[in-house]
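Okay, so here's the structure we're looking at.
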Amino acid sequence: MQNMLSPDLDPHRLARTLAGRHLIDGALVPAASGRTFPVVNPATREQVSEAAFGEAADVGAAVAAAVEAQKGWARLPARERGKLVAECGRRLTDHVEELGRLVALETGKALRTESRVEASVLADAFVFYGGLAGELKGETVPFNPDMLTMTLREPIGVVGAIIPWNVPMMLMALKIAPAMVAGNAVVVKSAEEAPLAVLRACQIMAQVLPPGVLNILSGFGPECGAPLVTHPKVGKITFTGSVETGKIVYKAAAEKLIPVTLELGGKSPMIVMGDADIGRAVGGAVAGMRFTRQGQSCTAASRIFVHSSIHDDFVARLKAKVDAMVMGDPLDERTDIGTIISDGQFEKVKSYIRIGEQLPGAKANTCSAMPADPKLARGLFVQPVIFTGIGNDSRLARAEIFGPVTCIIKFDEFDKVISEANDSEYGLAATIWTRDLRTALDATRRLEAGFVQVNQNLVVQPNLSYGGVKQSGLGKEASLEAMLEHFTHKKTVIINMQ
Ligand code: NAI
Ligand code: MG
């Protein structure tokens, strides 16, 4: 083991230290071509660093290192692997503040409300999965009394993980921690908008893991993501991102007949019944809509159905709560809400707000206030908007906006609201707010979503299986189930003892 890295709490300096590097075979290396691309702070639009421009040659080098490393890694006793992965989590715990600052700098997510929280969830995921190594069990099967029949859980080999920018560290952790504990080696392709914090996290883990078990490349989808999916030695792809790209990945993987896990978009309904505790439901809407993450969440509660008897009260209270949130410098402790990730996403969100403003009957309730600091004048800040007076069939209620924009839809009847909630191409998450147990249970059975909560709106948890139905994806992440079902092969063995 090498010397421990010490945390660097100056994210600007750290961003420069990590400039232009992949992590391949345990070492920070430049792209084979020497090319880089800029990393921008979305709160100022200034370049803070650059990242290695990954292409097929880099993918080839990373996969070759992973193939070599995986052989020895899979031969380690499972609990030895688990101990090393848990040790990664402990090392990452020492770097929570550093990683929080770095991800705040590159993504514009506020440090206090989002980025620091994400860094601690990252560390926790490795501790959690490290402890599950002893659970990589097969079964014995009562096939024939003279034959011992059993199943073995074996690693797939090399797993390719393609991650997005909204919660890059956490989403990476939920893929690579179970993949590694199961005995796979991993090649991660980070999102072009957020390459640094995940690289730093992998550098920290590389102090603990054998070289080549964990590799990370930065780069764009077509140049770096696509060759990872099509590489003949990559046996599994786990992807989080848009539906559109998910389908491209799925088709490419089909050519090789390899398994794929897809965590895609959402348009998650939140149903507030007339008997709900309004104060709690309003708090749940703020949390569920992820206003502190500028709404950039696949489970964002972006369709809020509110019973007509409490509609006006709910809207007024929600607006007041969001108004009180502070938009500002992501690295400032006072800031609740930071910026949108990129120019492209900024334009997309703004265009949906314009579409909403033109819908007949719609009212755009714009909340909070733009930051006053002149240094942030060019930053990608968008004031949260709560749309009222629109129906579930409007464009705003159909499309995943991935910004701080939610719509409140009035309803009167339970059966009708359940069918409207289900009338979406997505099915990732849903919540229902009521004091009535029968209504709650009925809704949990009828809502078409992978994750349904009653009277709360928590984010994904490492020990709870997570994944969507319909266009929201394929397969599950998090939990023991994800490790067993999605990062191992089940081999059947018969030993004839006659
Ligand atoms: P994207 O799906 O294009 O990007 C996600 C990842 O896929 C990135 O690492 C990207 O480089 C990679 N990628 C892109 N094209 C690829 C290809 N041909 N082969 C392999 N990998 C490829 O998402 P993008 O463009 O960042 O955002 C667009 C929309 O996607 C957002 O507005 C949002 O609606 C949705 N999205 C959903 C996320 C979620 O958490 N489910 C996360 C990020 C975006
Ligand atoms: Mg894209």
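Remember, it's 1-based here, ligands and their atoms both numbered in the order they're listed. Just so we're clear, the structure is a prediction, and the values are computed from it rather than from any experiment.
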Heavy-atom protein neighbour under 4.0 angstrom from atom 27 (O) of ligand 1
yes

What protein heavy atom sits nearest atom 40 (O) of ligand 1, and how far away is it?
Asn166 ND2, 3.3 Å

Could you check atom 3 (O) of ligand 1 against the protein and tell me its nearest heavy-atom contact, residue, atom and distance included?
Thr245 OG1, 2.9 Å

Number the atoms of ligand 1 from 1 as they appear, then name those within less than 4.0 Å of a heavy atom of Glu400, with their elements.
33 (C), 34 (O), 35 (C)

Checking the side chain of Glu106 only, and the main-chain atoms of Ala197 only, is there a donor and an acceptor separated by less than 3.5 Å?
yes

Note: ligand 1 atoms sitting under 4.0 Å from heavy atoms of Gly225 are 19 (N), 20 (C), 21 (N)

Residue, atom name and distance, where the atom is the protein heavy atom closest to atom 25 (O) of ligand 1
Gln345 OE1, 4.9 Å

With a heavy-atom distance limit of 4.0 Å, tell me whether Ser297 approaches ligand 1 through its side chain, its backbone, both, or neither.
neither

Between Leu264 and ligand 1, does any nitrogen or oxygen pair lie at a separation below 3.5 Å?
yes

At what distance is the nearest protein heavy atom to atom 12 (C) of ligand 1, and which residue and atom is it?
Ile162 CG2, 3.7 Å

So the atoms of ligand 1 within less than 4.0 Å of a heavy atom of Cys298 turn out to be 39 (C), 40 (O), 41 (N)

Say whether, by atom type as modelled, one donor and one acceptor occur between the side chain of Thr335 and the main chain of Ile337 under 3.5 angstrom.
no

Using 4.0 Å as the upper bound for N to carboxylate O, is an ion pair formed by Glu425 and Lys470?
no

In terms of side-chain heavy atoms, does Lys247 have a donor or acceptor partner in Gln471 at a distance below 3.5 Å?
yes

Short side-chain to backbone donor-acceptor contact, Lys267 and Ala399, under 3.5 Å
yes

Is the Phe402 ring parallel, tilted or perpendicular to the Trp165 ring (thresholds 30°, 60°)?
perpendicular

Are the side chain of Asn184 and the backbone N or O of Pro155 linked by a donor-acceptor pair below 3.5 Å?
no

Report, in ascending order of atom number, the atoms of ligand 1 lying under 4.0 Å from any heavy atom of Phe239.
2 (O), 6 (C), 7 (O)

Heavy-atom distance to atom 13 (N) of ligand 1: which of Gly221, Gly344, Ser472, Pro227 wins?
Gly221

Any salt bridge between Glu97 and Arg101, counting N to O under 4.0 Å?
yes

Residue Ala226 vicinity, atoms of ligand 1 by number, heavy atom under 4.0 Å:
19 (N), 20 (C)

Among all protein heavy atoms, pick the one closest to atom 30 (O) of ligand 1 and tell me residue, atom and distance.
Ser242 CB, 2.9 Å

Distance under 4.0 Å to a non-hydrogen atom of Glu263: what atoms of ligand 1 satisfy this?
41 (N)

Give me the residue, atom name and distance of the protein heavy atom closest to atom 32 (O) of ligand 1.
Lys348 NZ, 2.4 Å

I'd like to know if atom 15 (N) of ligand 1 has any protein heavy atom within a distance of less than 4.0 Å.
yes

Just need the protein heavy atom nearest to atom 18 (N) of ligand 1, so name the residue and atom and give the distance.
Ile248 CG2, 3.8 Å

Taking a cutoff of less than 4.0 Å between a non-hydrogen atom of the residue and any ligand atom, is Ala252 in contact with ligand 1?
no

Would you indicate which of Ile163, Thr230, Val249 comes nearest to atom 8 (C) of ligand 1 when only heavy atoms are counted?
Ile163

Do Ser465 and Glu481 get their side chains close enough for a donor-acceptor pair, meaning under 3.5 Å?
yes

Atom indices of ligand 1 within 4.0 angstrom of Pro164 heavy atoms, with elements
42 (C), 43 (C)

Closest approach of Trp433 to Ala281 (non-hydrogen atoms, all atoms of both residues)
CE3-CA, 3.6 Å

Hey, is NZ on Lys256 packed in by over 12 heavy atoms from elsewhere, all under 6.0 Å?
yes

Heavy-atom distance to atom 36 (N) of ligand 1: which of Trp165, Phe402, Phe220 wins?
Phe402

If only atom types and distance count, is the side chain of Glu448 paired as donor or acceptor with the main-chain N or O of Val469 below 3.5 Å?
no

Counting each atom of ligand 1 from 1 as listed, which ones have a heavy atom of Thr240 under 4.0 Å away?
5 (C), 39 (C), 40 (O), 41 (N)

Are Arg21 and Ser218 close enough that a side-chain donor and a side-chain acceptor fall under 3.5 Å?
no

Side-chain ion pair, Arg112 and Asp336, N-O less than 4.0 Å
yes

